[in-house]
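First up is the structure itself, then whatever we jot down about it.
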2 protein chains.
Amino acid sequence: MKLLIVDDDGLIRDSLKLMLETTDGWTARTAADGEDAFVKCREELPDIILMDIRMPVCDGVEATRKIKEAFPEVKIVMLTTFTDDGYITSAINAGAEGYLLKSTPADGIIERIRAVEKGAMVFDKGVNLSAKKPEAVIFDILTERENEVLALVATGLSNGEIAAKLFLSPGTVRNAVSVILEKLELRDRTQLAVYYWRNSVG
Amino acid sequence: MKLLIVDDDGLIRDSLKLMLETTDGWTARTAADGEDAFVKCREELPDIILMDIRMPVCDGVEATRKIKEAFPEVKIVMLTTFTDDGYITSAINAGAEGYLLKSTPADGIIERIRAVEKGAMVFDKGVNLSAKKPEAVIFDILTERENEVLALVATGLSNGEIAAKLFLSPGTVRNAVSVILEKLELRDRTQLAVYYWRNSVG
DNA sequence: ACTTTCATGTGACATTTGTCACAATCTTGT
DNA sequence: ACAAGATTGTGACAAATGTCACATGAAAGT
């Protein structure tokens with residue numbers, strides 16, 4: 001089986017690859033971000049993609065959407081450290097087959113990948129499934145673009161840098177940040193970063 | 001950067017080495033116990049030592065004391081499975097720069113090693129340190145005041161709010177922030193917050 | 001005594017940031 | 001067809017931020 005591991009952290013990429021390739025007949029390639037993942041898919045279509053959610057450039061949800069659109073037969077499993085409700089609904093809406101936590105032990109992850117291969121949808125028990133209604137985007141206060149901008153703000157990028165990365169004008173990014181701040185009832189980008197990291201880890 | 005991994009368990013030694021050497025420019029040697037570690041230090045001085053506490057022959061605290069005495073410029077991070085209070089104070093008294101739990105995910109360990117490289121003292125949140133504040137990140141290169149300001153910036157306060165809280169003039173706080181940024185090689189307070197939380201909570 | 005470091009402060013300056021008003025597309029659903 | 005919302009953009013403006021030069025006093029080390 002051909003796997004594609006998408007994660008911005010090189011260490012996780014490599015250790016996952018190392019781990020999964022101990023399983024007979026499994027091979028794994030890696031990608032550093034959503035765009036990279038798309039390119040790798042075009043080169044050689046994997047059976048299953050393990051996709052991190054929070055990534056710079058093109059986040060996991062966005063990447064899932066794009067890849068599913070172009071290659072609907074690929075199965076995508078979100079793999080993340082967070083039990084974030086909002087992201088789960090986004091991920092499901094984007095077409096993901098599963099949602100696993102990185103805290104899952106190695107053998108558990110392999111087992112679940114096997115299940116997905118057979119056509120199952122898997123969700124880790126740490127994941128709150130009450131929000132598993134594709135319509136429940138109401139919980140997603142932020143639009144996709146806004147989530148994208150938020151993730152970049154939370155890595156410490158300036159508006160200009162974010163604009164360059166997303167091919168937008170700096171003014172647009174500033175507006176986006178402004179809207180995000182209002183929606184989340186925060187004051188400035190520093191609080192945004194704090195909020196982001198506190199809520200993703202806690 | 002040159003690392004030295006000291007652990008009596010061969011499996012842990014090797015997997016840590018494997019993991020850490022995936023990081024660009026990092027090389028790692030290993031030692032099985034405290035005495036071995038001392039010998040390896042004399043052969044080739046590492047930048048940072050990851051030291052297990054419980055070892056036969058010469059335990060981690062003892063080894064830390066000896067090595068720090070002979071090679072004070074080496075930075076030593078205790079790496080252990082236990083949240084044992086008695087050991088942590090001993091470790092600090094022996095001169096260790098940090099105290100991490102083996103349960104910390106791989107990327108967290110690497111982040112923290114980077115922080116130690118820059119002169120930080122890091123303590124995992126699972127570690128109970130009655131004297132320390134919940135945010136147990138103290139940077140050596142920063143003065144007391146600067147650490148104080150940093151902690152407040154990292155909660156999302158503005159310069160004015162920090163000034164009010166510490167009974168300082170806003171200008172002083174701005175200067176302090178400016179110095180912190182330069183010392184940590186960061187650009188703005190948002191990056192400061194991100195950096196701070198990545199190194200304290202991860 | 002002398003130097004260094006820290007803590008504190010001021011004033012000036014350019015830049016960044018966040019807000020507001022407004023507007024042109026484009027998609028989606030009714 | 002129309003409404004609603006998302007996306008993108010501009011221009012103007014006030015506030016916050018970060019940098020620099022400079023200065024004073026206290027504490028600590030040599």
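Please read all numbers here as calculations on a predicted model, not as lab measurements.
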Under-4.0 Å side-chain N/O to phosphate OP1/OP2 contact, R174(A) with dT17(C): no
Atom CD of E182(B) and atom P of dG18(D) are separated, to the nearest Å, by 14 Å
Task: Short side-chain N/O contact to dG18(C) OP1/OP2 from R187(A), under 4.0 Å - done: no
Among dG9(D), dG18(C), dT17(D), the one nearest any side-chain atom of S169(A) is dG9(D)
Regarding the side chain of R145(B), the nearest nucleotide among dT19(C), dT8(C), dA12(C) is dT8(C)
Side-chain contact check for L181(B): nearest option of dT8(D), dA7(C), dT19(D) is dT19(D)
note: L168(A), atom CG; dT10(D), atom C1'; distance rounded to Å ~ 14 Å
Is the number of heavy atoms from other residues, nucleotides or ligands under 6.0 Å of E43(A) CD greater than 12? yes
Taken to the nearest whole Å, CD1/I162(A) to P/dG18(C) is 10 Å
Scoring nucleotides 20-30 of chain D by protein non-hydrogen atoms under 4.0 Å (B base, S sugar-phosphate only, - none) yields B----------
Rounded to whole Å, the CG-P distance (N147(B) to dC6(C)) equals 12 Å
Testing dT8(D), dA7(C), dG18(C) for proximity to the side chain of N159(A), the answer is dG18(C)
Between T143(B) and dA7(C), is there a side-chain N or O to OP1/OP2 distance below 4.0 Å? yes
At 4.0 Å (heavy atoms only), tell me whether S158(B) reaches a base, stays on the sugar-phosphate, or touches nothing.
sugar-phosphate
With a 6.0 Å cut-off (strictly less than), is the heavy-atom count around NZ of K2(A), excluding the residue itself, greater than 12? yes
Rounded to whole Å, the CG-C1' distance (L142(B) to dA7(C)) equals 15 Å
Rounded to whole Å, CD1 of I180(A) lies from P of dT8(D) at a distance of 12 Å
Whole-Å distance, L166(A) CG to dG9(D) P, equals 10 Å
L186(B) atom CG is separated from dT19(D) atom P, nearest whole Å, by 11 Å
From the list D8(A), L79(A), I12(A), side-chain contact (heavy atoms from CB on, under 4.5 Å) partner of D52(A) resolves to D8(A)
**Prompt:** Does a side-chain N-to-carboxylate-O contact under 4.0 Å join E21(B) and R29(B)?
**Reply:** no
- Between K66(A) and E35(A), is there a side-chain N and carboxylate O pair less than 4.0 Å apart? no
Would you find more than 12 non-hydrogen atoms of other residues, nucleotides or ligands less than 6.0 Å from E73(A) atom CD? yes
- prompt: Where do V173(A) and L152(A) land on the side-chain contact (heavy atoms from CB on, under 4.5 Å) test, with the steps shown first?
  reply: CA-CA 11 Å; V173(A) 176; L152(A) 294 175; over 6 Å; no
